[in-house]
Amino acid sequence: MPSWQHVTYSDQITSESAGNPVTVGGWVQDIRNLGGIAFIQLRDRGGVVQITVLKKSDPALFKEMTSLTRESVLTVKGTVKESKEAKGGYEVLPEEFEVLNAAESPLPLGVVDKVGADLDTRLNNRFMDLRKEEVRAIFRVRAATLDGIRRYLSGEGFVEVTTPKIVAAGAEGGATLFPIKYFDKNAYLAQSPQLYKQNLMASGLDRIFEIAPAYRAEASDTVRHIAEFTSLDVELAFIESSEDVMAVAEGIVDSSLRHVTTAARSELELLGVEIEAQKPPYPRVTYKEAIDLLKSDGMEIDHGDDLGTEGEKLLGDIMLDKHSAELYFITQFPTSLKRGTFYAMRDDDDPDVTGYFDLDYRGQEIVSGGQREHRYEVLTEQMRENGMDLGSFEFYLKAFRYGMPPHGGFGFGVERYVQKMLNLPNIREAVLYPRDRVRLIP
Ligand code: ATP
């Protein structure tokens, strides 16, 4: 145990601890007083340890311990004893205890109640909600996912970077920008690191990634949009086509899924989730084929339309039925849909089509990207077509005049990925303190 760890966690108690003194610490989950004997379930990060108090051994201690309020936080010094009845196989016979902080009663949210509280109440009392091990498990899976992603990208020579989140211009269109006051100037919260990661492609740091918040003033209230999400952004240079970019996205998903199945095995078990990492390459469906598939399934949709939530969902069902695929790419998005907007490279032979792709997971887009336009003349033409003021993008454009290699990349929504991986009904379940149109506290 490190010198700064002062309590033994319940999952650190082993057969070797039996008969030995121990100090445990945690929250009082439950007290069962049977008159002469009482059982206190003390919960910590590792699970629950049972404190068994006998009245006849210490009546004063018995009285004090049985009058504790639920969810108070204590340390207990005592002796470990093996016990067939106790959860975990051990109990602690207490000699002394200290209340570090008593909990008020009633609780704002039940921790072990069978009846589930609604999501709003849970989020309003998130610290309490997180005392439930199945809620904490989500964030352990999320951490394992990020760890898997970092391991893969570092292994492939990608350098982790951090770019500004206070910016002068947006990359994804004005409607979803959050304006802020920046000294005596107007600024915005970054919707995406798009302009910076492309800028870096001209620097020699030509394989980079960033894991950071992205801000979108999303007007719609959906189960897959939040105003602040964690974006994994990847950019790589000297590519030949969007296929190279897709291969990296595929590598990230495949290796992080496999990492999670081992690193977060017990959390997945607790959540009742089985992950079978689908073998790459993931199927590729062109946008055109996707529309035809949806039409033939009876959906009213036309070429040129956005797939929308409904279309994405239905395509997810079709891909699962016909190809047993939970993960698949939709490729060659039409230019008119402005997938990737002004910076997307278009097909030289058919400018109505881009090499842009989405990666969908069980009927929901989690990644979007492709090859970018690196030729200055073409890029500025596309920007003009989008009605953009080139002057405000000079820092971005400059890099395209002094040696910009062909490059591409994508944005990957971390919470959406975790949401789909764990079958969570709402993206907010995968965010500790979600931000949306109404939610600003906590
Ligand atoms: P959508 O069409 O679903 O609104 P988008 O096309 O605006 O998404 P991009 O700008 O391509 O999304 O962003 C790349 C990825 O970032 C998305 O695939 C998604 O995983 C994630 N993402 C984008 N906006 C949000 C949001 N508001 N909340 C959570 N994740 C988001």
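Fair warning: this is a prediction, and the values are worked out from it, not measured in the lab. Just so you know, ligand 1 is whichever comes first in the structure, and atom 1 is the first atom listed for that ligand.
- Contacts of Asn426 classified as side chain to side chain contact (heavy atoms under 4.5 Å, CB included), with partners at least two apart in sequence or in another chain: Leu119, Val223, Arg428, Glu429.
- Taking 4.5 Å as the limit, some side-chain heavy atom of Leu432 sits within range of a side-chain heavy atom of Phe139.
- Both the backbone and the side chain of Ile226 come within contact range of ligand 1, each with a heavy atom under 4.0 Å.
- Of the listed residues (Gln364, Gln191, Arg216), the one carrying the non-hydrogen atom nearest atom 13 (O) of ligand 1 is Arg216.
- Atoms of ligand 1 lying under 4.0 Å from at least one heavy atom of Val367, given by number and element, are 18 (O).
- Counting heavy atoms under 4.0 Å from ligand 1, residue Glu415 does not touch it at all.
- The Ser368 neighbourhood of ligand 1 comprises atoms 11 (O), with distances under 4.0 Å to a heavy atom of that residue.
- Not counting sequence neighbours, the partners of Asp118 by the side chain to side chain donor-acceptor pair (under 3.5 Å) test are Thr121.
- Under the 4.0 Å criterion applied to side-chain N and carboxylate O atoms, Lys288 and Asp292 are not assigned as salt-bridge partners.
- Among Glu415, Gln419, Glu218, Glu312, the one residue that satisfies the side chain to side chain donor-acceptor pair (under 3.5 Å) test with Arg224 is Glu312.
- Remark: ligand 1 and Phe412 share no N or O pair separated by less than 3.5 Å (distance only, no angle test).
- Every N/O-N/O distance between Ile427 and ligand 1 stays at or above 3.5 Å.
- In terms of N/O distances under 3.5 Å, ligand 1 is not approached by Phe229.
- The parts of His225 lying near ligand 1 are both backbone and side chain, judged by heavy-atom distances below 4.0 Å.
- Tested against Met299 for a side-chain contact (heavy atoms from CB on, under 4.5 Å), the candidates Leu294, Asp305, Leu307 yield a single pass: Leu294.
- Ion pairing of Glu289 with Lys322 is absent here, as no side-chain N (NZ or NE/NH1/NH2) approaches a carboxylate O to less than 4.0 Å.
- Listed by atom number, the atoms of ligand 1 under 4.0 Å from Ile366 heavy atoms are 17 (C), 18 (O), 19 (C), 20 (O).
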